[in-house]
Amino acid sequence: MTQVVLTSGTAQVAQMKEHYQSSLVANKNPYAAFTAKVAGVTITAYRSGKVMFQGPGAQAEAGRWQSAPSAAQSKKTAPKKKAVSKGKSNGIDTSKLPAGFSQWSVAGSDEVGNGSYFGPLVVAAVYADKENLAALKQLGVKDSKMLTDTQIRQLAPAIMKLVPYQKLVVTPEKYNQVQPRYNAVHMKVVLHNQALDLLLKKIAPTKPEAILVDQFTSPANYKKYLQAEPHKVTEKLYFVTKGEQYHLAVAAASILCRASFLEELEKASAEIGMTLPSGAGSKSDQIAARILQKGGLPLLTKYAKLHFANTEKAKKIAGV
Ligand code: MG
């Protein structure tokens with residue numbers, strides 16, 4: 001198993017906790033600041049400032065933080081970073097992008113909701129023509145982990161007015177139907193590909209100079225899962241982790257996803273009359289238990305991703 005340890009400092013740990021807020025899981029260890037699970041990686045941050053990334057995608061996920069933009073932290077609190085990589089490399093190719101890439105006309109894609117028990121999985125693709133880059137920047141489009149939820153929800157409608165986009169929202173109910181046949185990575189490959197394919201059809205005959213997927217698996221794995229898809233987007237396709245820092249198309253896609261996820265969670269909360277939390281912590285177990293008591297699994301399947309461990313915990317709490 002790949003394991004990467006960063007000595008991040010408490011300021012960056014706080015920043016990470018915010019970044020992973022939709023993927024937090026319970027951790028009773030008194031020395032742990034938080035634990036989060038994202039696409040095959042378990043992230044445990046300690047109060048000491050040490051952060052451990054474990055699992056097949058550990059290298060790539062830790063990489064998000066090894067060269068975080070200096071604007072994200074004040075100089076005074078800039079953490080010391082030291083990576084200790086154990087085990088064999090997982091083969092993820094964080095291949096370099098061509099020079100000047102950030103100024104190209106690019107279609108970019110990202111997703112949100114994969115690590116949250118309640119709420120949908122949202123994937124979005126945005127086409128940012130080079131002519132629109134200045135306007136996107138002017139709007140305030142940037143790395144969504146540097147934006148508040150309120151800012152994200154204000155930005156999303158402005159982005160949708162300015163640039164072509166394609167959003168796909170997989171409701172928990174749909175997700176639960178598909179999940180037994182598709183693992184999380186497979187599902188994301190299908191959705192990113194579908195969003196990009198539909199976006200390319202929308203902008204045709206215009207063609208982007210490149211397509212950038214915010215990397216969540218190795219390119220080889222991506223291509224493997226793509227094989228069964230009828231419309232494969234593979235031309236001029238690039239993958240990079242922290243994609244939102246490399247092109248505004250991915251940054252904008254990430255904002256559309258997050259805004260849509262928050263909106264769906266709010267709608268679902270209003271519908272069921274309970275505040276559905278994002279993430280996958282103990283609060284999610286408690287709310288799920290109340291939903292089970294109200295309407296059993298047929299009701300819970302409309303709101304939660306049932307394969308998460310939270311379901312079993314909720315059943316115990318609810319005594320069902
Ligand atoms: Mg992403």
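Keep in mind that the numbers below use all heavy atoms, side chains included, and drop hydrogens, waters and symmetry copies. In listed order, ligands and their atoms are each counted from 1.
No donor-acceptor contact under 3.5 angstrom links the side chains of Y20 and Q15, judged on distance only.
Listed by first and then second residue, the side chain to side chain donor-acceptor pair (under 3.5 Å) pairs involving residues 101-124 are S109-H192, D110-S254, E111-H192, Y117-T311 (not counting sequence neighbours).
Other residues sharing the hydrophobic cluster of L147, ordered by chain and number and joined by side-chain separations under 4.5 Å: V126, L133, L136, L139, V141, I152, L155, I159, M160, L162, V163, Y165, L248, I255, L256. Cluster note: V25 groups with no other residue, as no ILVMFWY side-chain heavy atom lies under 4.5 Å from it.
Using modelled atom types, one side-chain atom of N176 and one backbone atom of A304 make a donor-acceptor pair closer than 3.5 Å.
Protein N, O or S atom count below 2.8 Å of the Mg ion (ligand 1): the structure gives 2.
The two atoms that bring R47 and A32 nearest to each other are NH2-O, 3.3 Å, heavy atoms only.
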